[in-house]
2 protein chains.
Amino acid sequence: MISQTEENYLKALYNLTYLKGEASVNEISKRLEIKMPTVNSMMKKLSEKGLVHYESYKPLKLTEEGKKEAALIIRKHRLTEMYLVEKMGFAWDEVHQIAEQIEHIHSPEFFTKMDQLLGYPTVDPHGSPIPDHNGVMRSESYIFLDTCKTGDVVTLMAVQPSSKELLQYLSAKDLELGTTLTILSIEPFDNSITVSYGDRTSAVLSSKVTATLLVRPIS
Amino acid sequence: MISQTEENYLKALYNLTYLKGEASVNEISKRLEIKMPTVNSMMKKLSEKGLVHYESYKPLKLTEEGKKEAALIIRKHRLTEMYLVEKMGFAWDEVHQIAEQIEHIHSPEFFTKMDQLLGYPTVDPHGSPIPDHNGVMRSESYIFLDTCKTGDVVTLMAVQPSSKELLQYLSAKDLELGTTLTILSIEPFDNSITVSYGDRTSAVLSSKVTATLLVRPIS
DNA sequence: CTAATAAGTTAGATTATACTAACAAAATAT
DNA sequence: ATATTTTGTTAGTATAATCTAACTTATTAG
Ligand SMILES: [Mn+2]
Ligand SMILES: [Mn+2]
Ligand SMILES: [Mn+2]
Ligand SMILES: [Mn+2]
């Protein structure tokens, strides 16, 4: 049995780990706003349960089993967000807090039904992939916008990490998933990028923003 | 702040209290399958919080505030059951366990949206009334089937208490909410009742069953 | 290469929720 | 009216999840 609390730790570790493969007690502590000694004991407990590789002073990793459990929670989270947007009419910046709670519901039938009603989607409303029912995440080859060059033409695929503030900022700028961006120039001083898209012939995006936008280059 | 655990106690007390106005530590203990000393301390705690009237060796009652809080949780439970049946295609005997969890979600918007999508229903799929957003339960004048007389014609409105087993039994007998029953005879020995409804010209219902069926007499 | 800072760990306390054992009060049966 | 049974309460224990204070190890800056 994995408690709701433990599930939140597994998910945090999974997300922190997603790009780098490992994470620290300190990072989890900051993300969950829980003090380091608490995180430390929890990591030991999850290690006892075979979900985390824990060794003193070493970076943390999920075991295969831990990875699967985490991915299945993330699957529930993203299916829920998708359902709230597609079937209930919520805006994409309103669904995260609700999904944060519903992801802990124990009912395979409930999520199977959602999946079915949604037509078995593979990405959530923020463009992040939805793991399958075995916890396997279709790994995409998206890149961050701040790694692109002048002249590149790309499609906005996902936002990571996606805070409520960021999503509202993007909405205000008419930046939606699927939007095609052309990179006009890159300012060397602060790495801000000037792009054009839709009606906008010239918009400046700070490096803080471009570091969170995952895009797919258009061949 | 009311915890999920506390919410379940409040709801149990509300439901036990619904007809009689009061309930005992022992009844809550049985219903929640939690030992009496635990229930006892929880009642004291809820009393501290102003939600329960507690006096040693006296029956338990909810305060007005406690009644409202409980009704609002029951509102979330019943809206959820309604949503699962009407919008997601679950059968009425599959939704209770899911609603038991979703009733604890903290998100006014989520339940407001459900309510709206359902067209502001006033009864759940079992026919029980849904309290309004102020926790006021439209009190119905349904009566139990075992209080009816031979010759009465009634409509099945609700099932209380409704166990999974009972709902399956009713499904198998084609007894649905809204079904009109004619009482043909009452067996004095065991109080079983013979009724006709739909295609069935003669069906026998035991007193165990008739004691749970709430009906509205037809004029 | 030390000295200072940051990160990780251990120890001990706290709160919420549960339990068992033992006792007290109330209800029921004889 | 007393004995028995049921219900309610108290006391003490356990586990999960959190914290602060103090200490240790690792990293970073001079
Ligand atoms: Mn989310
Ligand atoms: Mn969560
Ligand atoms: Mn129910
Ligand atoms: Mn519940």
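All values derive from a computational prediction rather than experimental measurement. Every chain is numbered from 1 and lettered A, B, ... according to where its sequence line falls, protein lines coming before strand lines.
- Residues B:Glu27 and B:Ser24 bring a donor and an acceptor atom of their side chains to less than 3.5 Å of each other.
- A salt bridge between A:Glu6 and A:Lys49 is present, with a side-chain N of the basic residue lying under 4.0 Å from a carboxylate O of the acidic one.
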Could you go over nucleotides 13-20 of chain D and give all protein N or O partners under 3.5 Å, atom names and distances?
residue: D:dA17; atom: OP1; partner: A:Ser3; partner atom: OG; Å: 2.7
residue: D:dA17; atom: OP2; partner: A:Lys45; partner atom: NZ; Å: 2.1
residue: D:dT18; atom: OP2; partner: A:Tyr9; partner atom: OH; Å: 3.1
residue: D:dC19; atom: OP2; partner: A:Lys35; partner atom: N; Å: 3.0
residue: D:dC19; atom: OP2; partner: A:Thr38; partner atom: OG1; Å: 3.0

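- C:dA7 atom P lies 5 Å from atom CG of A:Asn26, rounded to whole Å.
- When rounded to the nearest whole Å, the span between CD of B:Glu55 and P of C:dA26 equals 12 Å.
- Rounding to whole angstrom units, CD1 of residue B:Ile2 and P of C:dT17 are separated by 12 Å.
- One can place CE of B:Met43 at 11 Å from P of C:dA18, the figure rounded to the nearest angstrom.
- The phosphate of D:dT10 has OP1 or OP2 within less than 4.0 Å of a side-chain N or O from B:Lys44.
- Salt bridge status for B:Glu100 with B:Lys11: present, with a side-chain N to carboxylate O gap under 4.0 Å.
- Among the heavy atoms of the strands, none lies under 4.0 Å from A:Ser29.
- Summarising the geometry, the separation between CG on B:Leu32 and P on C:dA18 is reported as 9 Å, rounded to the nearest angstrom.
- The residues A:Lys45 and A:Glu48 are annotated as not salt-bridged, no charged nitrogen and carboxylate oxygen being separated by less than 4.0 angstrom.
- Spacing between atom NE2 of B:His104 and atom P of C:dT17 amounts to 12 Å, rounded to whole angstrom units.
- The environment of B:His106 atom NE2 is dense: over 12 non-hydrogen atoms of other residues, nucleotides or ligands sit within 6.0 angstrom.
- Side chains of B:Gln168 and B:Ser171: no donor on one and acceptor on the other come within 3.5 Å.
- Put simply, the side chain of A:Phe110 reaches to within 4.5 Å of the side chain of B:Met88, judged on heavy atoms.
- Under 4.0 Å is where a charged nitrogen must lie from a carboxylate oxygen, and between B:Glu64 and B:Lys67 at least one such pair does.
- Counted by atom type alone, B:His104 and B:Asn8 present one or more donor-acceptor pairs between their side chains at under 3.5 Å.
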For nucleotides 24-27 of chain D, list the nitrogen or oxygen atoms of the protein found under 3.5 Å from its nitrogen or oxygen atoms, one pair per line.
residue: D:dT25; atom: O4'; partner: A:Tyr57; partner atom: OH; Å: 3.4

